[in-house]
Amino acid sequence: MLDRHHVPREVEEFCARVASRSLVVGIVGMGYVGIPLALSALSKGFRVIGFDIDRNRVDGLNSGLRSISHIDMTEIKQGLAEGRFEATADFSRLAELDAILIAVPTPLNRYREPDLSYVITTVEAIGKTLRRGQLVVLESTTYPGTTAEVIRPQLEALSGLRSGKDFFLAYSPEREDPGNDQFNTGNIPKVIGGDSAGALRMADAFYSAIVVRTVPVSSATTAEAVKLTENIFRAVNIALVNELKVVYNAMGLDIWEVVEAAKTKPFGYMPFYPGPGLGGHCVPIDPFYLTWKAREYDISTRFIELAGQINTRMPYLVVERLAEAVDAMVGKGLSGARVLILGIAYKKNVDDMRESPALKLIELIQKRGAHVDYHDPLIPVIPATREHMDLAGRSSVPINRESLSRYDAVLIATDHDHVDYHTVAAASKVVLDTRNACERAGVRAVNVVKA
């Protein structure tokens with residue numbers, strides 16, 4: 001606990017500004033994490049400045065335009081009208097802030113090693129303007145030790161200031177679940193770890209003002225480990241149910257029926273569902289941050305790596321299942337076939353394509369000689385991605401009974417709600433359903449094959 005007899009004046013002043021709502025909050029990275037953070041802070045009366053290197057996004061935010069389909073921009077628009085929100089690409093304005101929240105991407109490189117380039121670039125910008133009394137919080141997912149071993153030394157070297165004495169540093173992992181109507185930034189408990197007692201108190205004061213509950217832990221490193229643990233749990237359990245899907249399919253059993261029945265047990269079981277592969281900004285990536293860090297201690301994370309292998313293998317198995325279904329029901333191979341991918345977002349009802357397995361499916365099916373189109377009501381054009389640049393610019397095709405009938409197979413990769421699965425099943429020769437979308441819509445037909 002922080003000794004109140006030796007509380008730095010800056011800590012008390014910061015907490016007073018939180019209480020009076022005179023605190024100026026800056027968020028670096030106005031994407032799937034940064035915008036919800038801004039909405040939560042604005043809703044509680046704070047002034048927020050959003051920073052982003054994408055000038056088109058900055059201009060859109062300053063015009064109140066929706067850049068992410070599932071996010072309500074009401075608070076942004078109200079903040080603009082009241083002069084409590086603005087977006088900027090001018091990082092020299094970081095000096096104006098009391099709290100700086102970093103919410104930038106932390107992907108993997110091609111060797112599945114952590115790519116902290118966005119974090120490091122942001123920290124370099126902060127270090128140039130860092131002043132006494134500022135709180136800096138990293139929200140991006142990373143390996144345990146990043147805050148203490150990378151960010152703190154860099155900020156101290158650039159600014160000449162000391163963490164815990166002059167400025168204050170903390171880690172609080174994002175817990176966003178895009179498209180989930182039940183949870184938002186404000187009603188999800190927030191884990192907080194400080195680089196010092198003063199930093200923990202300041203971060204706790206701020207986040208307590210914008211979220212339902214805070215969960216302080218002993219250090220920033222512990223908070224970093226909490227985030228990885230949450231996503232490793234999901235990755236491993238998804239791998240388990242994906243493996244069970246393969247086994248049960250060989251036995252003539254329906255994994256979806258098995259899981260639905262198993263989840264009626266009120267204790268000792270949590271349902272996870274199979275799919276065509278892992279997607280999103282967290283689960284396919286975060287576990288390998290720990291795998292990489294564990295090598296420093298000569299430890300092999302065999303369980304995590306096995307889960308990664310199983311999940312990475314799923315698109316290949318789906319394509320094999322597709323080839324079998326087209327052969328059995330249409331009487332031809334994939335070479336020369338016309339295939340429609342239905343849904344290319346990584347999860348239902350969002351326009352987020354990060355790490356989407358649908359892109360890998362398109363690539364694999366095309367390699368088998370098939371012509372592939374896609375339909376996604378939320379993604380009209382495929383954006384540029386690191387791994388699939390050749391697909392950038394491809395457009396979603398409209399679907400109706402006539403257009404569906406021209407394809408040899410329809411592969412449901414993402415189960416958006418705003419799709420008429422009755423029409424899809426009725427008009428298509430073969431439907432390969434990797435999400436159980438048809439059955440959940442009450443559709444059962446001989447041409448619908450689960451995968």
Side-chain angles (χ1 to χ4, degrees), residues 13-68 70-105 118-119 122-123 125-126 129-131 133-140 167-176 178 184-188 190 192 199 202-212 214:
E13 291 177 350
F14 182 96
C15 293
R17 285 196 295 275
V18 170
S20 66
R21 297 300 189 265
S22 60
L23 193 79
V24 181
V25 181
I27 301 170
V28 182
M30 294 301 289
Y32 291 89
V33 174
I35 294 177
L37 264 174
L39 294 173
S40 189
L42 287 166
S43 71
K44 300 301 181 181
F46 290 99
R47 181 185 169 208
V48 177
I49 302 176
F51 292 78
D52 205 286
I53 59 174
D54 185 339
R55 292 185 179 275
N56 289 330
R57 176 165 293 183
V58 166
D59 292 342
L61 287 168
N62 284 330
S63 298
L65 300 178
R66 187 193 298 262
S67 60
I68 300 173
H70 65 276
I71 294 180
D72 185 347
M73 297 291 284
T74 301
E75 292 291 346
I76 293 284
K77 292 178 180 178
Q78 184 174 340
L80 287 166
E82 296 174 353
R84 291 190 300 110
F85 175 78
E86 61 180 306
T88 182
D90 180 4
F91 283 72
S92 68
R93 296 188 61 191
L94 289 166
E96 300 175 25
L97 309 173
D98 298 304
I100 305 172
L101 315 182
I102 304 171
V104 298
Y118 297 100
V119 171
T122 300
V123 170
I126 294 170
T129 62
L130 192 66
R131 59 174 174 77
Q134 284 184 310
L135 172 69
V136 179
V137 184
L138 177 63
E139 291 229 354
S140 308
F167 72 94
F168 301 86
L169 181 62
Y171 181 80
S172 181
E174 57 88 5
R175 280 177 161 175
E176 292 299 317
N184 56 56
T185 302
N187 65 13
I188 300 172
K190 204 85 167 69
I192 303 165
M202 291 164 71
D204 186 57
F206 169 66
Y207 284 111
S208 291
I210 70 168
V211 303
V212 63
T214 59

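In this text the structure is predicted, and so the values were computed from the model without any measurement.
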Distance check, rounded to the nearest 0.5 Å: [X] atom [atom1] versus [Y] atom [atom2]?
X: Arg47; Y: Leu23; atom1: CZ; atom2: CG; result: 11.0 Å
X: Phe167; Y: Met202; atom1: CZ; atom2: CE; result: 11.0 Å
X: Arg93; Y: Thr129; atom1: CZ; atom2: OG1; result: 12.0 Å
X: Ser40; Y: Leu42; atom1: OG; atom2: CG; result: 9.0 Å
X: Leu94; Y: Ile126; atom1: CG; atom2: CD1; result: 6.0 Å
X: Ile49; Y: Met30; atom1: CD1; atom2: CE; result: 11.0 Å

Heavy-atom closest contact ([X] atom, [Y] atom, distance):
X: Ala103; Y: Val33; value: CB-CG1, 3.8 Å
X: Ile76; Y: Ala38; value: CD1-CB, 4.4 Å
X: Ala125; Y: Phe91; value: CB-CD2, 4.1 Å
X: Ala203; Y: Ala170; value: CB-CB, 4.0 Å
X: Ile35; Y: Ser67; value: CD1-OG, 3.5 Å

Backbone of [Y] reached by a side-chain donor or acceptor of [X] within 3.5 Å:
X: Glu174; Y: Glu176; value: yes
X: Ser63; Y: Leu65; value: no
X: Ser208; Y: Ala205; value: no
X: Asn184; Y: Asn187; value: yes

Original post:
Does the gap between the ring centers of Phe206 and Phe46 come in under 6.0 Å?
Top reply: yes
**OP:** Take Thr185 and Leu39 through the side-chain contact (heavy atoms from CB on, under 4.5 Å) test and state the conclusion after the steps.
**Re:** CA-CA 8 Å; Thr185 302; Leu39 294 173; over 6 Å; no
Do the side chains of [Y] and [X] get nearer than 4.5 Å, heavy atoms only?
X: Tyr118; Y: Ile102; answer: no
X: Ile100; Y: Gln134; answer: yes
X: Lys190; Y: Glu139; answer: yes
X: Ile188; Y: Val211; answer: no
X: Arg84; Y: Val48; answer: no
X: Val119; Y: Thr122; answer: no
X: Leu61; Y: Asp52; answer: no

Original post:
Are Asp72 and Thr74 close enough, and set up right, to give a side-chain hydrogen bond (donor to acceptor under 3.5 Å, both in side chains), and what steps lead you there?
Top reply: CA-CA 6 Å; Asp72 185 347; Thr74 301; 2.6 Å; yes
Original post:
Heavy-atom count around Arg131 CZ within 6.0 Å, excluding the residue itself: above 12?
Top reply: yes
**OP:** Kindly check if the number of other-residue, nucleotide or ligand heavy atoms within 6.0 Å of CG (Leu80) is above 12?
**Re:** yes
**OP:** Could you walk me through whether Val136 and Leu130 pass side-chain contact (heavy atoms from CB on, under 4.5 Å), step by step?
**Re:** CA-CA 9 Å; Val136 179; Leu130 192 66; 4.0 Å; yes
Original post:
How would you list, by chain and number, every residue that makes a ring pair (Phe, Tyr, Trp, His ring centres under 6.0 Å) with Tyr171, sequence neighbours excluded?
Top reply: none
Original post:
What residues, two or more places apart in sequence or in another chain, satisfy ring pair (Phe, Tyr, Trp, His ring centres under 6.0 Å) together with Phe85?
Top reply: none
**OP:** Might you work through the side-chain contact (heavy atoms from CB on, under 4.5 Å) test for Ile192 and Val137, ending with a clear yes or no?
**Re:** CA-CA 9 Å; Ile192 303 165; Val137 184; over 6 Å; no
Original post:
Which residue pairs satisfy the salt bridge (Lys or Arg N to Asp or Glu O under 4.0 Å) criterion with at least one member in residues 14-30, sequence neighbours excluded?
Top reply: Arg17-Asp98
Original post:
Please walk me through it: do Phe51 and Leu97 pass side-chain contact (heavy atoms from CB on, under 4.5 Å)?
Top reply: CA-CA 11 Å; Phe51 292 78; Leu97 309 173; 3.7 Å; yes
